[in-house]
Protein chains: 4
Amino acid sequence: MPDRAYCQSPLDDRYYQEAMAALTSRAGLTSSMLDYEVALAEAWQALGFCSPDIVAEIESARRIVTMAEIDEEEVLTDHDIAAMVNRIRFHISDEAKPFVHRGATSFDARSTAEAARARDVVRRVVLPEAILLQKELIALALREKDTRQTGRTHGQHAEPITFGFYLTEFVDRFGACLAGLDELSQQLVGKCSGPVGAYNQTSLYIDDPIAFEEAVMRKMGLRRAIKSTQITPPEPMARLIHECLLLCGALANLAWDLWHLQQTEIAEVREGFKDGQVGSSGMPHKQNPKNSENVASLWKAVGPRLVTVHADLISLHQRDLSHSASARFYTEVFAILYSMIGRMRQILGSLFVDRDRMNDNLHMMGDAVLSGALHQLLANYGCPNSHKQSQRLALQVGRGETGKLLRLAQADDEIAPYVSQFQPGELELLSDPANYIGLAIRVTEDVCGVWGTETGLLEQRLRGAEPTEEAV
Amino acid sequence: MPDRAYCQSPLDDRYYQEAMAALTSRAGLTSSMLDYEVALAEAWQALGFCSPDIVAEIESARRIVTMAEIDEEEVLTDHDIAAMVNRIRFHISDEAKPFVHRGATSFDARSTAEAARARDVVRRVVLPEAILLQKELIALALREKDTRQTGRTHGQHAEPITFGFYLTEFVDRFGACLAGLDELSQQLVGKCSGPVGAYNQTSLYIDDPIAFEEAVMRKMGLRRAIKSTQITPPEPMARLIHECLLLCGALANLAWDLWHLQQTEIAEVREGFKDGQVGSSGMPHKQNPKNSENVASLWKAVGPRLVTVHADLISLHQRDLSHSASARFYTEVFAILYSMIGRMRQILGSLFVDRDRMNDNLHMMGDAVLSGALHQLLANYGCPNSHKQSQRLALQVGRGETGKLLRLAQADDEIAPYVSQFQPGELELLSDPANYIGLAIRVTEDVCGVWGTETGLLEQRLRGAEPTEEAV
Amino acid sequence: MPDRAYCQSPLDDRYYQEAMAALTSRAGLTSSMLDYEVALAEAWQALGFCSPDIVAEIESARRIVTMAEIDEEEVLTDHDIAAMVNRIRFHISDEAKPFVHRGATSFDARSTAEAARARDVVRRVVLPEAILLQKELIALALREKDTRQTGRTHGQHAEPITFGFYLTEFVDRFGACLAGLDELSQQLVGKCSGPVGAYNQTSLYIDDPIAFEEAVMRKMGLRRAIKSTQITPPEPMARLIHECLLLCGALANLAWDLWHLQQTEIAEVREGFKDGQVGSSGMPHKQNPKNSENVASLWKAVGPRLVTVHADLISLHQRDLSHSASARFYTEVFAILYSMIGRMRQILGSLFVDRDRMNDNLHMMGDAVLSGALHQLLANYGCPNSHKQSQRLALQVGRGETGKLLRLAQADDEIAPYVSQFQPGELELLSDPANYIGLAIRVTEDVCGVWGTETGLLEQRLRGAEPTEEAV
Amino acid sequence: MPDRAYCQSPLDDRYYQEAMAALTSRAGLTSSMLDYEVALAEAWQALGFCSPDIVAEIESARRIVTMAEIDEEEVLTDHDIAAMVNRIRFHISDEAKPFVHRGATSFDARSTAEAARARDVVRRVVLPEAILLQKELIALALREKDTRQTGRTHGQHAEPITFGFYLTEFVDRFGACLAGLDELSQQLVGKCSGPVGAYNQTSLYIDDPIAFEEAVMRKMGLRRAIKSTQITPPEPMARLIHECLLLCGALANLAWDLWHLQQTEIAEVREGFKDGQVGSSGMPHKQNPKNSENVASLWKAVGPRLVTVHADLISLHQRDLSHSASARFYTEVFAILYSMIGRMRQILGSLFVDRDRMNDNLHMMGDAVLSGALHQLLANYGCPNSHKQSQRLALQVGRGETGKLLRLAQADDEIAPYVSQFQPGELELLSDPANYIGLAIRVTEDVCGVWGTETGLLEQRLRGAEPTEEAV
């Protein structure tokens, strides 16, 4: 393992994650390219070009070839894939040698491996962690479904909701992103169409090179690109990375919200703070929302990465190699997303919800926050300028004054005639903001129900999927 | 109409497009919000809260209210939607007044209208133009399906293809993006859930505010967000805009390729150049690929706009308004995409394809470009180090030397034994790069066939769709 | 003037600014290019190639030629600068005609005009407005220099400051950006070196084309690029635009801070809210920080624009034209910055500062915020683990408990020995957070003093500068 | 050292650079923070608070403390700087303990260390390497100052230049960026103003905390921020990073140009290709411009990183910590720039310049490229429509036809009268494009001269500078 303190990237230091690196590192990619070489040999064997023994030799070599020997070889070839191919050949008989990389160009292996690897990263690493987060969030939302909280728009108290209802926003957004990742990770494509995509080489001695390509892809668990150049079209990968970023964005939104709810003046929730922990080296009293800040901060680091992916949408003719270095950085998006999910789980796992404080804050503006309800009821009973009237009265309610709005309304010459018609239920609703939560509870239950079911189904699909072989 | 020369934005000067502006301008958005107010009134009427006459009054007002009067009113209210609502009310009876905007908050109207408007922009303006481009491109690709061209990777001659095969790359990428736009433009969502998304106000006097919301959305041709705050979740719009950018990127790639094919030394294609046109004010001989450059350049202008959309993924609590100004710029993405499509149609419509030149260039490196074919055939006849042998011979072939590679191979002690086994068809293929095009023609036909059919189906779907009413 | 409601860009609708558009519009650019043509003729005349009368003719034509006639001509030439040149020639004698655009290529005029125009935008429009803002901010900071406010880090109460001290952060950041804009706007360069930058054409009949170029640049108030291609190097413009964005970022930071200080629970400041204004169409009680949100939102729209400028850093060989369209959008950065400054002035001009509320909030955490002071004093009197001791006591102080920390300290066996040595001044400081503001007042005065002086000097420099002639 | 193949980031695998990592890694940052702690102790000692012995103890501890022990401690504190401080204290006497980190908050150390570190990275690692590149480029440009080459605009042959003149564009752009890096790396600022920037804690027992801060900064070789919060203002670092990116952009431009000049049809230059190297695993004949592509590609990876820096321009109140993770990635910009410079040096070090090929290409369009010269000369001799006439004739010149334009001109009824007046020198110039290079040679010499001198001066300045102590 690296001495992390001397790494150039924080992704190999503070944010190193072994489960992720197993796939996203160069070793992970090489493993996927080795899978490709085996799949290719199997396809040749299926056509009768070579014996099963030769495939077995290649499979065996694939399991013993090491990154170290490939690295040494690359010093000679100055070409990573040629180095890998040479080292497989080193471990097998002369008869088997021609069936390694046969009919393939480097990017048949590389493009296909990048697709297979990205699919595995999403389906084996990111989604399982995201599902845990989603389940925990659903449980928390349902637990807090009737905990009253003030709704806030523009940072101003708006109309009442519940804390569970609030959290459900993210259940919904996460749910849609998880569904997107599930779908888009299955739409990645591979290829075996040669240096310019026209099957020039494979058509030299195969009747149906497209059927051959399909056979290789089947073994890789991918669909073939119906049109490739030296590489596959860039859009499927761009869509997948974009969906990752949408999930990052939603995570950052939740993190920023929790940061806001932890402000000293609001203090409705609190991240866990362990014994011996130091909040500030200068101010002993500080207990900071550092995990929320971390998630918010990683979003700033990861978001702009899509600009790189978009720059790579353009590759001249049948390919220039100007995506060579830049595309190596794509997997950092997966790594950062994974880190954000893990950190958010930590936050939620130790989140203290201060219900009393939520209730206090809900009543901070007194009945002014009922102005919308008053406006609607006045309108319903025929008052022609209900908005203006309600605004006039609401601005007379002082901080913390409960019951004031209704009293003012009942005493007001202009609107008392309408108020006098209000029904008991309506009056009760106007007597306390805590009563005026609309369908907050029902929506919480409904949305958590929908996404709970979907999450369960997704989990089953992922468990059923074992598309490729093991890594280096 | 504006005096374009005094506009702040090139989008209202050089790149102004009336069909686009009709929808993307503030007038276009207002029109969609007026649709919302009518849909809302209809939903109230369906529940029996008001008579059909009142709906008719509102519908009638919606048709006569002007942007000018709304603008004047906004000076008073400092709130655009309040201004619009006031002006509708101005044109109707006192009985009808309470049924305008009843139970709605501003962003019920605005979020829903933005979704409906984006859907219409994509389905009524962008996609019809993109379909024309796709059809023209398919026709061109099929026309040139057997025009030999050198394949190029790294800017170096690779293996032969055909010009039609080359163009098919974009038929495929455009096709996938059009399908994406079709799908994502139908996944936009609207809302009628009030200031904080909990239906606080509508639940005051409706039994099932969610069913009510569904009724309003049905009239708007949208699905409801199953969870909204003051606004709808941002991801569906972000996905749609991202898909637009993927199409922009593919257009830019084609434009850059055509720019490269027009370089003086390559000169395989040429943009139209009309009589009286000036290529350069300093160099009379110049005829520049200015349309390709325009498309390439618009890509640079539009691509980064997604960063703004991503910044807006975060909205605090039940909404901050920090997307207020930024989101107004989103539609510029549609406008630039539309401009790029139109310009690409101009390019393709007048593109001169110099087949002789393509053939000359194909033979420029002589037989060296057949090295891959030689490598494969040698391997197929059992040569154990076919790559190295082919490289050795290929580097001996001079520029423009035809027939050399095969002669060298036949005279080479090391590989002659394998070459002597080559079949007549294989020898013929090795005699001229023009023979070595693999499946270029078949792939062109197949891919153009697939996307031709899909494009036709999409066209039919768009023609069938008349989801909302007319604009202001 | 445009019918703004039908514009494609919000920059020609809500955010249209006439003073800015006069320069940033195409008319503004053309005006600068016409300046160039006059400067060029003057330089020819200075070398004796033509008479002063001919220059006078061209100057006269420059004043009467209209955008409308240039636009008509461009339909014929398909080249904007050739169109402009043709129209100048139309208005002058045959003898004068050859001296229009003589020896120049289009981008001699365009690159130079873009530089001159950007300089003018910054120095005549942006900086004067920014100076007003800076002066107002300095005045406000000095007025509030001793208004106690809690300092906040991580959204948590930290150590006390004053509101004026807080504002001074922006005095300093704005000041540095203004200085940067002053400097960088004077480092823009122009050129008159012909189509490929080697003075090929002017060297045909001028002895010293570089001296000639210098003469033209002098008239334009610019320095010449010591090395140009068809265009000037892109970096000076990129640096200027980047500096604009740094100012935008600082404005957005201030806007977000003010947004936070307006949160219902904090409520330390308040934007002006006028009679008749509607905060929310659904919630009559709402008074939203909409101007702060506007500034924060424009930042999201403008920030990513630099990515476009960076894409244009690459222009192939002596220039490709892939910056043709994209560079037309650069001036939108100036326009958005100008809009942000103007809006910030509105905010500050009507900002209500609630000093009582600031004082209440300062005492909200009781004496816990004095933990750092206690920690320092304990350390100063020799306590070896002062941080840990202070943390232990601070966590026992409840919300709003004043005087508690000191009492706890004095009663604590472990630290009382140190506390007993505290001097009267130190004890007083520990008795109320309002006493513990460090150098807040002095820093406010110092920094406002420094930047006040600099701002005055900058203003004088700008007043002295009248580098170019009037516009179309 | 890390097993690179298992790293998450390519920056710790393919692009790992030890000289860079020594500074940019966490170990490098910690080293700079340890410098800070020593500088702080020295300042206390200078004020008489402690003895020189205590400083010596701290200095000694600073040299023995390891990253490993700090990492272990952080597991307990959950705070990296508290961990570092604890470990220093561990190695010193009880008397010395209070003088570690005394009066400082974490970000006094961190902000200052980040500034000192960035300065060192730029001045000790980036600039020395960039100076080597610049010198090599200047030598190459001067060597090729009279090698004729066609100028190219829009990818079309324009007017003749020399290859040295072409290269000089980058001498100039690099030169300006190096000057910028020199200047901006010296404008970074540090701080010692405490948790909220008001010197609350240091003013408890120092008369002039600002003078104290200046003393600490003097030892760190930095200027103090005249206004800081918990952190220093973000703009100086943003300016420095932006300047790095401008240099990256210029490097990428050169790389793309060289890629274009290596296209098979153009082939004017060639990257080195070593024995045994494999260009393509599928096409043995390929020799690809992979180093140019690498530089072009790294630009795509690094460019968008500025968006992250800009996001961090906003930090709420006296600081939120949402830059915590994101700012850790800033140094990756330095690392990628350094890699690009090194790679460009490799390219230039082995670049083959094919002068014959340049000459052939120059004559490819025959005399058509002299149309501008003809146009100017005609104008000079009084022809009123010289542009149109030259265009008419130039379009009649076929590919490779030399001498044709002049012959056509001399035989043309309309313009012969002017041509007959051309002087011998003018006729000679019109007889061959190779004669028509304007001031290409002089400009090459001048610009290389200017920047050669500047580079030498910069080198001297860097050599003289030894501002801080050694690293961990």
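Each chain gets a letter, A, B and so on, in the order its sequence line appears, and its residues count up from 1.
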Visitor: So which of Asn361(A), Val307(A), Leu374(A), Val369(A) has the biggest tally of heavy-atom pairs under 4.5 Å with chain C?
Guide: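 Greatest number of close heavy-atom pairs with chain C: Val369(A).
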
Visitor: Salt-bridged, Arg152(A) to Glu265(C), with N to O below 4.0 Å?
Guide: yes

Visitor: Below 4.5 Å from any heavy atom of chain C, which atoms of Gln376(A) appear? Answer side chain, backbone, both or neither.
Guide: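 Contact with chain C involves no heavy atom of Gln376(A) at all.
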
Visitor: What residue in Ala368(C), Ser292(C), Ala311(C) has the most heavy-atom pairs under 4.5 Å with chain A?
Guide: Ala368(C)

Visitor: Where does Val397(A) contact chain C at under 4.5 Å (heavy atoms): side chain, backbone, both or neither?
Guide: neither

Visitor: Closest heavy-atom contact between Thr264(A) and Met365(C)?
Guide: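 Closest approach of Thr264(A) to Met365(C), heavy atoms only: CG2-CG, 3.6 Å.
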
Visitor: Identify which of Ser371(A), Gly372(A), Ala394(A) forms the greatest number of heavy-atom pairs closer than 4.5 Å to chain C.
Guide: Ser371(A)

Visitor: What part of Gln156(C) gets closer than 4.5 Å to chain A, counting heavy atoms only: side chain, backbone, both or neither?
Guide: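 For Gln156(C), backbone and side chain are both near chain A.
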
Visitor: As an exercise: rank Ile266(C), Leu405(C), Thr150(C) by heavy-atom pairs under 4.5 Å with chain A and give me the winner.
Guide: Ile266(C)

Visitor: In terms of heavy-atom proximity below 4.5 Å to chain A, should His375(C) be classed as side chain, backbone, both, or neither?
Guide: side chain

Visitor: With no hydrogens and no angle check, just 3.5 Å: does a side-chain donor-acceptor pair link His154(C) and Gln262(A)?
Guide: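 Side chains of His154(C) and Gln262(A): no pair found under 3.5 Å.
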
Visitor: What part of Gln389(C) is in contact with chain A, defined as an atom under 4.5 angstrom from a non-hydrogen atom: side chain, backbone, both or neither?
Guide: neither

Visitor: Select one option (side chain, backbone, both, neither) describing which atoms of Thr153(A) are under 4.5 Å from chain C's heavy atoms.
Guide: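 Both parts, backbone and side chain.
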
Visitor: Side chain, backbone, both or neither: which part of Arg392(C) has a non-hydrogen atom closer than 4.5 Å to chain A?
Guide: neither

